Amino acid sequence: MNELLTQGLAIMFIGMGTVFAFLCIMIVAMHAMSGVVAKLNKLFPEVVPQAAGVKKVVSSADDEVAVAIAAAIFKRGK
Amino acid sequence: MNELLTQGLAIMFIGMGTVFAFLCIMIVAMHAMSGVVAKLNKLFPEVVPQAAGVKKVVSSADDEVAVAIAAAIFKRGK
Amino acid sequence: MNELLTQGLAIMFIGMGTVFAFLCIMIVAMHAMSGVVAKLNKLFPEVVPQAAGVKKVVSSADDEVAVAIAAAIFKRGK
Amino acid sequence: MNIAEGLTALWNTTGLMNIILPADPNLKGFEQILHMHGQWMMILICLFLLWLGIKKQFEPLLLVPIAFGGLLSNIPMPPGEAIAGPTGFLGIIFEAGIHKGLFPLIIFMGVGAMTDFGPLIANPKTALLGGAAQFGIFGALLMAYCMFGFTMPEAASIGIIGGADGPTSIYVTTKLAENLLGPIAVAAYSYMALVPVIQPPIMKLLTTEAERKIQMTQLRDVSKREKIVFPLMILILCVILLPSACPLLGALCFGNLCKECGVVERLSDTMQNALINIVTIFLGLSVGSKLSASQFLTVQTLFILLLGIIAFSLATAGGVIMAKIMNMFSKTKINPLIGSAGVSAVPMAARVSNKVGLEANPQNFLLMHAMGPNVSGVIGSAVAAGVLLALCH
Amino acid sequence: MNIAEGLTALWNTTGLMNIILPADPNLKGFEQILHMHGQWMMILICLFLLWLGIKKQFEPLLLVPIAFGGLLSNIPMPPGEAIAGPTGFLGIIFEAGIHKGLFPLIIFMGVGAMTDFGPLIANPKTALLGGAAQFGIFGALLMAYCMFGFTMPEAASIGIIGGADGPTSIYVTTKLAENLLGPIAVAAYSYMALVPVIQPPIMKLLTTEAERKIQMTQLRDVSKREKIVFPLMILILCVILLPSACPLLGALCFGNLCKECGVVERLSDTMQNALINIVTIFLGLSVGSKLSASQFLTVQTLFILLLGIIAFSLATAGGVIMAKIMNMFSKTKINPLIGSAGVSAVPMAARVSNKVGLEANPQNFLLMHAMGPNVSGVIGSAVAAGVLLALCH
Amino acid sequence: MNIAEGLTALWNTTGLMNIILPADPNLKGFEQILHMHGQWMMILICLFLLWLGIKKQFEPLLLVPIAFGGLLSNIPMPPGEAIAGPTGFLGIIFEAGIHKGLFPLIIFMGVGAMTDFGPLIANPKTALLGGAAQFGIFGALLMAYCMFGFTMPEAASIGIIGGADGPTSIYVTTKLAENLLGPIAVAAYSYMALVPVIQPPIMKLLTTEAERKIQMTQLRDVSKREKIVFPLMILILCVILLPSACPLLGALCFGNLCKECGVVERLSDTMQNALINIVTIFLGLSVGSKLSASQFLTVQTLFILLLGIIAFSLATAGGVIMAKIMNMFSKTKINPLIGSAGVSAVPMAARVSNKVGLEANPQNFLLMHAMGPNVSGVIGSAVAAGVLLALCH
Ligand code: NA
Ligand code: NA
Ligand code: NA
């Protein structure tokens, strides 16, 4: 029983410790990231690439369809 | 040939018998079910739980999305 | 090196030859097909079967749903 | 390798060289012709099946992939690289999805998720019509076994064509007589598409004008709770009475429960769309991969096609006659035209009942009434399949 | 075979004959009863689970398929043909999808593609609440190991119920203690559905009225770039610190990256819909296939259900208390009610926080604030799972 | 196990401990560095590929999953638990989907279901342009084999990059030189994304201003029947002439037939959406799992990248020059700019033709004309792949 408890507590401390260690490092990394990204956003404002991004979202596969549709419309429009 | 016919007819009688037995029991069970459900529907009218059911159909996964959308709208509305 | 080059060139000639042979036969076959189909289209104008085709696109599975929906509407309409 | 060697190697792989196989000294006569010329003949047959699917719209969702799978599997390839062989594209899919029985069950789930058992619940006695239509299965089995020399498992697989239920046919045939899978699947789906042609003459022959004019009373409303309990009830009955039908009926009931319970619409939608479509593509292609000349171009295939149409006809007659028998003992008459819907082939058979009914009496809408025998025919076929799996295995 | 023989053969396969197994001379007492009567008892239990899923709407997307899988797997079939056996429908799916670990990871991908980490990025320190809630995992593990006699891998699998994360529970249990998969999956999903019942009393007990009224400041906007970098950051941290958590966190991060990067919407949509739905159907059914009497009708199952609710309660308490501790050291107070959202159970736990908060102060909208601990709880559970997989394997 | 032991065990599994492997006494110099530092270098490379996919939008649908798969497979895990290993998540998917050849064929089905062969049928002779562009494949093969010391199967796999067709590249490489799959897939998809950068200078170099201004006559209408017959015709030709190309062309033709025949829209929609998306996710991730340091960080990879761009350039030049040759012999001139579209990379290459054409003459819409060589380039590459599979196997 005593050994079980030792082992169980060991797992518990290691486990909770790892979880908190991971999350604390994550918090630090998130603050760092936010800082870096904030600077990046100033240097290269996000708006322009974003707009392009949204436009280009249509994938090459969709493009293919789009071309086909365009072709169909083109024909019909004749 | 004769033995084949015996065997074939045996399968046929067993098969059709089982099918009808199954369906007859099913018919009885359906009548019983309808009776029980009719009583249940009187005791606990279906309308209220149904309405709730329809509302809650959105699954937890959809909820997640809903929350995200709500958040987005919330932000934008600011 | 010399043998490599011989082999490589052999593959190249065989490969490009096969590609062109295939495509040339395809071109001939396409012309033949267009001719045959053009005649077919005159003999059996495409319009009627097409329209039927479009209508019948709903598959048997969809039909099932359609029947169910029809039933539902039928009930409600009562 | 120089150019000449390369060209020779390539030439030897071409279909031109291999589409007609060299004569096998051990074979004679018709078998020799089949051995030598079977592949291109099968390609022609597959093109004909494609034409049936595309132009005649014979169950195209299945027949187009089946025929295309047949085309692919009859391409002359070097041994060990055949597309339908154990390491080929279609061979792998067949092994994983058909041989192990997954695909037909997944399709049955989707069928369950699309089926409304309401009309059956509203008028339970119509289930007997769906039972009587299973006579087609056992009549054809009897003929196949006694008159055409098939073994019992083969006869059972052929009989099940009369169930007019593609996934059930494929599931049973895979378990009992995999060698007949190609012709049986083709027969099952072709005849399902021919229901509007096969059934009306039989229906008219067996009924009088007066019978066809019988109008049926409006079906009662079925409550949500009944619809939820129904699939569970079927499953429990099946557990108690006939466990061997449980994979099929279990899949059907699961799909139907998901549809009716109203709390898992995501899953029900997926079963009715993405999942059933994906599985249909692969089921069709891999069933088609069994359309090899040695298994399809046989006199057995002709027998199967013949027995299949007999099975459909007997099933139709069984349903109609059962309706007439029931009318002898019951006060509320049923229109015997709905009996033919007991063959399943949901919902085409029900439509045929409706159409023939309208011809006799333009005010006579039988569609909803015919859905009762129609869906009970699905259950009946699955029960018959369970019996055959239990006894003929 | 004549009719009598056939009927006997068929009768011997019926469930009526096999639903109660013959007594095994080697067993005694309760074990004997279980052996003989287990199957129909499990069928009743599965019907109860279905009722919970359909009527009470306990995570129906999972509980309905799990319960139905349980029904199917308890059908008395001849040995070698059981639906959950190695050649049966559910057995094959289980082997391919669960045993090899694919299904939970694919679902985690879908969860990632549905999760918005924005509220966590806007207020990073709330991640600590998601960490503290993992106390439920380790508290329950300790009790299972020291007080209930489970082995360490079993205790770890039970503890992970407290992570309130279905796929994580299934993934870990499959690796560590597959024999407990049935009860653990049932407990995990049932308690996740019970979050609105389990949590509020604990939350109210541990907080004062004043604390519950704390209003939190509006979250800042999070830029697209931060959201794209975040999943990569998590993965890199995981690579460096805890590779054993990488399959789970990797799948989550992949899904989230696809959602946030904005250039692969086709894939992100598919992960959130067709793919996650298909996998949910098969995951549910095949997890349910582990609901066999011999593995479920044991005293261990009762212990697991008990430990599961303890785990949830400890997790809730852990999150709330952590929030109160943080308030001691920080100037900007956080409302301790959002601590309970650290258990994951996205997004139900966050809603519970919001609801209890509104009861105390009708102007107090905690939903978005609670999403931070909520999603960090998912990461925390995956980290805890990684630790357990690394140490208990 | 006490805390110290547990912490040590955990520490030993961390990536911090394993990201740099201990020196191997049998290795020297660059190989030693690769052995020790390869994993984190590959992680950086995968992050770069992600950046290319997300920020530069290089074929993101493939490059994002490939790069993420690469990240996951370079996580330092204990041996036997690597995510890309035989029992790992990605390893299992790779084995089932790529090694057996299913995924590329399923994607080709989807491509078929999205492709409109109408412009090719309307102007058949443009097929020659798609043929000439295959010169890229064989030119690069020749260089790889004679100048860079690759074996013939490797050289063939590298050459096929010039086909500008992802699934074809992956299918061929899996069969001929699986060890090069990672770099070849990366090269194939990267260069496909770079088509708008690589092609225009070559096109302008090889054409005169006058040629670029050539206006082409309106394409004729193509009837539905022609579109239905076309995929069957291609398949029959392929059966007769080159069975080894049949898996690829068969899948393409099946998809296209389903699209054009108009009676199986459910299946065609599924191939274009749910199915291709699901397979793309898993294909990308599992191809990425082959981005291991030992296979990617080699001088061969540099050669492959170099040969890939040479292949694309030769293919572009081949198409343009062929167009000029055809103009010598034909009265109705074609604009040589559409020759470059013969490389496939549907529909990007056709757009490039259109754009360069508009620069020379703002009234000159080449898009539809360029679709002819574009789709014939897909067929041409598949034929070339068939030749290589037949001769280099
Ligand atoms: Na039937
Ligand atoms: Na959690
Ligand atoms: Na190409």
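Letters A, B, ... mirror the listed sequences (proteins, then strands); counts begin at 1. These numbers come from a predicted model, not from an experiment.
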What residue, out of [options], has the most heavy-atom pairs lying under 4.5 Å from chain B?
options	value
D:Val229, D:Leu141, D:Leu128	D:Leu128
D:Leu388, D:Leu120, D:Ile240	D:Leu120
D:Ala132, D:Cys392, D:Gly380	D:Ala132
D:Cys238, D:Gly139, D:Ala156	D:Cys238

Exercise for review: For the pair D:Thr115 (side chain) and D:Val111 (backbone), establish whether a donor and an acceptor sit closer than 3.5 Å, ignoring hydrogens and angles.
Suggested key: yes
Review point. Checking heavy atoms, do the side chain of D:Leu241, its backbone, both or neither come under 4.5 Å from chain B?
Key: side chain
Revision key, fill the gap. Whatever's closer than 4.5 Å to a heavy atom in chain B on D:Ile121 counts as both
Study note, to complete from the structure: When every non-hydrogen atom of D:Gln134 is compared with those of D:Gly342, the smallest separation belongs to NE2-O, 3.8 Å
Review point. Under 3.5 Å, is there a donor-acceptor pair linking the side chains of B:Asn41 and D:Ser223?
Key: yes
Check your understanding: Between D:Lys125 and D:Thr332, does any side-chain donor sit less than 3.5 Å from a side-chain acceptor?
Key -> yes
Check your understanding: For D:Met152 and D:Leu176, what are the C-alpha separation, side-chain angles and deciding distance, and is it a side chain to side chain contact (heavy atoms under 4.5 Å, CB included)?
Key -> CA-CA 9 Å; D:Met152 181 57 85; D:Leu176 295 183; over 6 Å; no
Check your understanding: Do the ring planes of D:Phe117 and D:Phe230 sit parallel (below 30°), tilted (30 to 60°) or perpendicular (above 60°)?
Key -> tilted
Exercise for review: Just give me the residue among B:Cys24, B:Ala21, B:Ser34, B:Ala38 that pairs up with chain D most often, heavy atom to heavy atom, under 4.5 Å.
Suggested key: B:Ser34
